[in-house]
Number of protein chains: 2
Amino acid sequence: MAELAEPGRPPLRRDAELNRRRLMVAAREVFRDRGLAATLDDVARHAGLGVGTAYRHFANKEELVDAVFEDMIDQVEASAREAAADPDPWHGLAYSLEKVCELQAHDRGLREVMLGTGKAAQRHALVARRIKPLVDPLIARAKEQGSLRPDVEQLDLPMIQLMVAAVTDQTGEPDLWRRYLRLLLDGMRTQPDGAPPLPAGPALRWRGGLGGGPGENPVGEEPPRSSR
Amino acid sequence: MAELAEPGRPPLRRDAELNRRRLMVAAREVFRDRGLAATLDDVARHAGLGVGTAYRHFANKEELVDAVFEDMIDQVEASAREAAADPDPWHGLAYSLEKVCELQAHDRGLREVMLGTGKAAQRHALVARRIKPLVDPLIARAKEQGSLRPDVEQLDLPMIQLMVAAVTDQTGEPDLWRRYLRLLLDGMRTQPDGAPPLPAGPALRWRGGLGGGPGENPVGEEPPRSSR
DNA sequence: ATGAAACGGAGATTGCATCTCCGTTTAGGT
DNA sequence: ACCTAAACGGAGATGCAATCTCCGTTTCAT
């Protein structure tokens, strides 16, 4: 919404402000296509600027990623909000998942941020905390409605995103994910009588971070697992 | 099965032969726990040997991975063979998937080899070609039986493995995958009337390699993904 | 016009993994 | 026992790729 000068930061010279924006746009594109592993050099060149400039605006890559990521979350949240308003909870749930997965499918950077491929796992907690309150009631309603099998939990959703993202990541096929999301959704529907319950669900917190419980994961990096 | 001296290779001095074996064992363990990214130095140290020794036995890491991987495939094939003999095709199919996923869950290296996280995508084709003939009839039988939804295809199976592996990879939870495999299996069952068909399936060949069509993927290296 | 701000990009720095080299140790034949 | 070829070990050479710095040059704004 706010397309004006950002708050807080002291005003920049006009060219600086412009370049900052160029960098953000370039970063968005580069991260989308090549993932967070892209170099700041890459981003800068894509923006038609020098690396030095990039480093004056953002202390390091993390900072740039954060800046870019801010915007992306808004999109995710928007579709979740839309879904939450759906009178048919099953439809809303399915729609919500489909939208997130669609965003992910187009955006490798987003996948990596959401799934924690890159570091900084606490970003997920952020997402989770904004999305959870929107989706939770949807789940409850869908169970009442009898469409969603009762042993599905809130924490299953990020896992489903994860799985779907893996499909896109591996195959590079831009639409194949739809097939497997459907498979999962069909599995999430209330099953015929006599179907055994789902095996144990996700623990409250997990290494990756996406499914935000209350506590923060102290996860810093990868599991060290020393060799010896 | 063959636990005797390998064929072909000229006989090694006893200590050399022993060390070669030690290296393989160590590699198996290290790759299992830390994935293919592990260093040859790591493997050598784990085997209680020097790097130099490792490099005398294996020209490079790839070669070692191949040697180790050979064995792993046998296990995969064994369970597929067992499943193929199951009189109940649905049960066999489910069992087959469960077994592969279980192996993967315990073995990060195996996940990476099967999913092509590491390079050398043609290894998958190898797996696929050994597994496919076992599983194909199972699928056909399960469809006849009416338990498997008719729009599931052979190429869906590796994708399911992929998704399940992603769960383990991301969460580190050793058993969580069971839940999502179940979800997928339930989605693969014949659906109630009126359910829409699955969206488009996997193309004949895909970047990752696992689902072996006839042609080899000309993929040489990994896509511009570098990380870590 | 002029000084402060911003730029650009070569290259210093860092970090890590692969692989080599050669002095030392060991197996195993005589 | 002795001897030699084979095998070992591991420090370090090599290569590579990414991050970030430095400073001479350009641009803005007054």
Side-chain angles (χ1 to χ4, degrees), chain A residues 5 9-27 30-31 34-67 109 112 117-120 221-222 224-228, chain B residues 5 9-27 30-31 34-68 109 112 117-120 221-228:
Chain A
R9 214 166 345 91
L12 292 173
R13 227 169 67 174
R14 197 168 310 143
D15 55 345
E17 185 60 40
L18 174 63
N19 284 339
R20 184 191 181 82
R21 207 152 299 181
R22 275 185 185 146
L23 281 167
M24 298 267 298
V25 171
V30 170
F31 290 152
R34 299 217 282 286
L36 301 183
T39 300
L40 257 205
D41 287 56
D42 282 337
V43 173
R45 194 151 330 123
H46 194 73
L49 299 170
V51 218
T53 304
Y55 277 96
R56 190 164 324 87
H57 285 287
F58 305 93
N60 50 50
K61 205 165 75 179
E62 282 297 286
E63 204 170 281
L64 177 56
V65 170
D66 279 334
E112 294 180 359
T117 296
K119 49 196 78 168
E221 293 308 295
E222 228 178 329
R225 283 256 124 190
S226 91
S227 76
R228 204 213 98 97
Chain B
R9 212 163 349 91
L12 292 173
R13 225 169 68 174
R14 197 165 310 144
D15 55 343
E17 185 61 41
L18 174 62
N19 283 340
R20 185 190 179 82
R21 206 150 302 179
R22 277 185 184 146
L23 280 167
M24 298 267 297
V25 172
V30 169
F31 290 152
R34 301 218 284 286
L36 302 184
T39 301
L40 256 205
D41 288 55
D42 282 337
V43 173
R45 197 153 326 126
H46 194 74
L49 299 171
V51 219
T53 305
Y55 276 96
R56 188 163 325 87
H57 286 286
F58 304 93
N60 50 50
K61 203 165 77 179
E62 282 298 283
E63 203 170 281
L64 176 56
V65 170
D66 280 334
V68 167
E112 294 179 359
T117 297
K119 47 195 78 168
E221 293 309 297
E222 229 175 331
R225 162 171 229 166
S226 83
S227 111
R228 238 225 139 223

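In the text below, chain A, chain B and the rest are named by the order of the sequence lines, each starting its count at 1. The figures that follow rest on heavy atoms only: side chains count, while hydrogens, waters and symmetry mates do not.
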Just how far, in rounded Å, is [atom2] of [N] from [atom1] of [X]?
{"X": "B:L18", "N": "C:dG28", "atom1": "CG", "atom2": "P", "value": "11 Å"}
{"X": "A:E62", "N": "D:dT19", "atom1": "CD", "atom2": "C1'", "value": "13 Å"}
{"X": "A:L64", "N": "D:dT19", "atom1": "CG", "atom2": "C1'", "value": "14 Å"}
{"X": "A:E17", "N": "D:dC28", "atom1": "CD", "atom2": "P", "value": "15 Å"}
{"X": "A:L23", "N": "C:dA6", "atom1": "CG", "atom2": "C1'", "value": "12 Å"}
{"X": "B:R21", "N": "D:dA7", "atom1": "CZ", "atom2": "C1'", "value": "17 Å"}

(message) Is it the case that C:dA5 (base atoms only) and A:R13 (side chain only) share a donor and an acceptor within less than 3.5 Å, ignoring hydrogens and angles?
(response) yes

(message) When you measure from the side-chain N and O atoms of A:N19 to the phosphate of C:dA6, is any distance below 4.0 Å, counting only OP1 and OP2?
(response)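 Result: no.
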
(request) May I ask you to verify if any side-chain N or O of A:H57 is less than 4.0 angstrom from the OP1 or OP2 atom of C:dC7? (result) yes

Looking at every non-hydrogen atom in both residues, tell me the closest pair between [X] and [Y] and how far apart they are.
{"X": "B:A16", "Y": "B:H57", "result": "O-CE1, 3.4 Å"}
{"X": "B:M24", "Y": "B:A67", "result": "SD-CB, 3.7 Å"}
{"X": "A:A38", "Y": "A:K61", "result": "O-NZ, 3.1 Å"}
{"X": "A:L23", "Y": "A:A44", "result": "CD2-CA, 4.2 Å"}

(request) In plain terms, say whether B:R21 and B:E17 are close enough for a salt bridge, that is, a side-chain N and a carboxylate O under 4.0 Å apart. (result) yes

(message) Using the rule side chain to side chain contact (heavy atoms under 4.5 Å, CB included), only one of B:D41, B:T39, B:V43, B:D42 pairs with B:V51; which is it?
(response)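 Between B:V51 and the candidates, side chain to side chain contact (heavy atoms under 4.5 Å, CB included) is satisfied uniquely by B:D41.
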
(message) For nucleotides 18-23 of chain C, give me one character per nucleotide, 5' to 3': B if any protein heavy atom sits under 4.0 Å from the base, S if the only such contacts are to the sugar-phosphate, - if neither.
(response) BBB---

(request) Among C:dG8, C:dA27, C:dA6, find the nucleotide with the atom closest to the side chain of A:T53. (result)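 Output: C:dG8.
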
(request) Tell me which nucleotide among D:dG9, C:dG8, C:dA5 gets nearest to the side chain of B:L49. (result)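 The listed nucleotide nearest to B:L49's side chain is D:dG9.
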
(message) Reading DNA chain D from 5' onward, which residue's closest nucleotide shows up sooner: B:G48 or A:R14?
(response)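 Counting from the 5' end, the first nearest nucleotide belongs to B:G48.
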
(message) Set out, in order, the CA-CA distance, both residues' side-chain angles and the distance that settles side-chain contact (heavy atoms from CB on, under 4.5 Å) for B:E63 and B:N60, then state yes or no.
(response) CA-CA 6 Å; B:E63 203 170 281; B:N60 50 50; 3.6 Å; yes

(request) Between B:L12 and A:P11, name the one whose nearest nucleotide on DNA chain C is closer to the 5' end. (result)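 Result of the comparison: A:P11.
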
